[in-house]
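Some notes on the structure that comes next.
Only a predicted model underlies this, so the values are computations on that prediction, with no experimental measurement involved. We number each residue from 1, following the sequence as shown. As a basis for the values below, the full set of heavy atoms in this structure was taken, side chains included, without hydrogen atoms, waters or symmetry mates.
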Amino acid sequence: MAPSPTSQIAGRRARFAQAYDEHFRAVSAYALRRTTPAEAEDVVAETFLVAWRRLDELPDEPRPWLLGIARRVLANQRRAQHLRVVRRHL
């Protein structure tokens, strides 16, 4: 018998919660070493949002995957900041 939709959702939530609980500090520390505290909060939030959306891709050892997401979020954040500065000077 296939698992019920409710148990599937509960399983996804539990998997995400475990990844969050185990790796929040590492992702947060990674972001804090590379940007301001306020921006680091945004990076961490966006990282775990992406992780939730792509939960089916979450590897058994998620830390490198999560840090890769954080790296790309930081790059996008820096790119957006640069574009804002350039547009102000046009």
Side-chain angles (χ1 to χ4, degrees):
M1 179 190 307
S4 72
T6 303
S7 68
Q8 287 176 342
I9 292 169
R12 287 177 58 82
R13 285 183 180 157
R15 187 162 187 230
F16 177 81
Q18 180 180 4
Y20 182 88
D21 291 344
E22 291 178 4
H23 302 290
F24 172 83
R25 292 183 86 188
V27 173
S28 186
Y30 178 88
L32 281 167
R33 283 191 303 270
R34 288 159 177 81
T35 192
T36 66
E39 290 175 350
E41 285 183 27
D42 291 342
V43 169
V44 173
E46 182 70 20
T47 297
F48 282 101
L49 177 61
V50 170
W52 173 254
R53 288 179 179 159
R54 295 174 52 195
L55 193 57
D56 292 336
E57 300 172 36
L58 185 72
D60 291 338
E61 176 45 53
R63 184 172 295 182
W65 186 74
L66 290 167
L67 295 178
I69 294 170
R71 181 180 56 80
R72 286 184 292 282
V73 169
L74 279 161
N76 290 340
Q77 187 181 67
R78 288 186 182 127
R79 191 172 17 260
Q81 287 171 345
H82 176 73
L83 288 173
R84 283 192 294 274
V85 169
V86 167
R87 288 181 181 144
R88 268 190 265 152
H89 291 95
L90 290 179

Arg79 meets the side-chain hydrogen bond (donor to acceptor under 3.5 Å, both in side chains) criterion, sequence neighbours left out, with Asn76
Besides Leu55, the hydrophobic cluster formed by Ile, Leu, Val, Met, Phe, Trp and Tyr side chains linked at under 4.5 Å, directly or via other members, contains Phe16, Tyr20, Phe24, Val27, Tyr30, Val43, Val44, Phe48, Val50, Trp52, Leu58, Trp65, Leu66, Leu67, Ile69, Val73, Leu74
Applying side-chain hydrogen bond (donor to acceptor under 3.5 Å, both in side chains) to Gln18 and not counting sequence neighbours gives Glu22
Ser4 meets the side-chain hydrogen bond (donor to acceptor under 3.5 Å, both in side chains) criterion, sequence neighbours left out, with Ser7
Exercise. Tell me, yes or no, whether the heavy-atom count around Arg87 atom CZ, taken from other residues, nucleotides or ligands under 6.0 Å, exceeds 12.
Key: no
Salt bridge (Lys or Arg N to Asp or Glu O under 4.0 Å) pairs touching residues 50-65, sequence neighbours excluded, are Arg12-Asp56, Arg54-Glu57
Grouping ILVMFWY residues whenever side-chain heavy atoms fall under 4.5 Å, the cluster of Leu32 otherwise contains none
The complete set of salt bridge (Lys or Arg N to Asp or Glu O under 4.0 Å) pairs with one or both residues in residues 37-48, sequence neighbours excluded, reads none
Closest non-hydrogen atoms of Pro59 and Arg15, given as atom of the first, atom of the second and distance, are O-NH2, 4.1 Å
| Ile9 and Arg13, any side-chain heavy atoms less than 4.5 Å apart | yes
